Each structure stands twice: as structure tokens, then as C-alpha cells.
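Keep in mind it's a predicted model, so treat the numbers as computed, not measured.
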Amino acid sequence: MTEENEVKLTIETAATTEPATGDVSGNQEVTEESPSLKEVIREQATEDEAPLSKTFTLKKILGGDILTTQAVRRQIWLFLLITFFVIIYISNRYSCQQDLITIDRLQKELKDAKHKALSSSSQLTEKSRESRVLEVLQSNKDSVLKIPTQPPFVIRVEE
């Protein structure tokens, strides 16, 4: 305990007191400084606390001696700051995971759309080939078109 926290009581007593009333007789002088409530509470709060030693050993750290109320009170703002950053870290990680899930879903949709586009393009190419068009026209008997036997030739027109 420090000198500030000590309760000072000074009682000077003389030899006699009145037995019936318990009053102090005239030749006795009693000086008593009563401790204030604040001092008594402070004394009780710091009664069991031992000051921190300057050397920290693994045994003290693992044993929990480092977590005395005085050390915790002194570092409460640091603990609150660390807690705040942990909450921010967790919420940031959660939002990043949600973004990754959305990215994966969109990539799957893109892959499906590309596959569908490629499939549609190949079907269109297959149906629009010259030989296939002639085949369809001949099977329906809608046209008299035939596959040419001579190669095409260029007609030049002079202006």
C-alpha cells in the first residue's frame, strides 16, 4: 500500500474513561481522522494487487500473473482498440467471401453463356453451308438449283 491509501488514525488516550457512558473524560484527548469512503474503497480495491515485477518469465505469462487488474485497467483502451480491429477484420473477411461467391457464380454463368453461344454458332454454321442448303431445297422440291460442275468465272465490265 502507498502512503496515499493508508488510513490514518491517531488516538491519544488518557488513563481513564467513564465506564457507564463510555465518554472520554476531560483530561483525555482523542484525535481521530475518519477515513473517507473513497479512501476505504481505494484501499480495498488495491489490497490484493501486487506490483508487477520488471522481469517477465514464461511461467508468469502462462500462469496469468500478467493479467492483474492494474495492468488490465492501464491497457483497457488498447484492448478496446484491438477488439475494434478484430471486428473490422471479421466483417471485411465476410464481405470478401461474399464477393468471391458472387464472382464464382458469375464465372459459371459466363462459361455457360459462352458454351451456349458456341453451340448456337456451330449449329448455324452447319445449317447455312451451301451443300446443306441445297440438300434441304432438293428434299423439299422447292428449287431446281444444282451444284455447279464448272468453276465460277469473273465477268469484267469496263466503265
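- Cluster partners of Ile76 are Trp77, Leu80, counting Ile, Leu, Val, Met, Phe, Trp and Tyr whose side-chain heavy atoms approach within less than 4.5 Å, directly or via other members.
- In this view, Ile82 and Leu78, Val86 satisfy the side-chain contact (heavy atoms from CB on, under 4.5 Å) rule, not counting sequence neighbours.
- The side-chain contact (heavy atoms from CB on, under 4.5 Å) check on Ser95 picks up Asn92, with sequence neighbours excluded.
- Under the side-chain contact (heavy atoms from CB on, under 4.5 Å) criterion, Phe79 pairs with Val72, Gln75, not counting sequence neighbours.
- Within the structure, the side-chain hydrogen bond (donor to acceptor under 3.5 Å, both in side chains) test picks out the following pairs touching residues 107-130 (sequence neighbours left out): Arg105-Glu109.
- We find the CG-CD1 distance between Leu110 and Ile103 to be 12.5 Å, quoted to the nearest 0.5 Å.
- Residues satisfying the side-chain hydrogen bond (donor to acceptor under 3.5 Å, both in side chains) criterion with Glu135, sequence neighbours excluded, are Arg132.
- For Ser36, the side-chain contact (heavy atoms from CB on, under 4.5 Å) partners are Lys38, Glu39, not counting sequence neighbours.
- Listed by chain and number, the hydrophobic cluster partners of Ile88 are Leu81, Phe84, Phe85, where partners are ILVMFWY side chains within reach of under 4.5 Å, directly or through others.
- Taking Ile, Leu, Val, Met, Phe, Trp and Tyr as hydrophobic and joining them when side-chain heavy atoms fall under 4.5 Å apart, one finds Leu58 in a cluster with Leu62.
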Under 3.5 Å, which donor-acceptor pairs link side chains of residues 150-159 to any protein atom two or more places apart or in another chain?
none

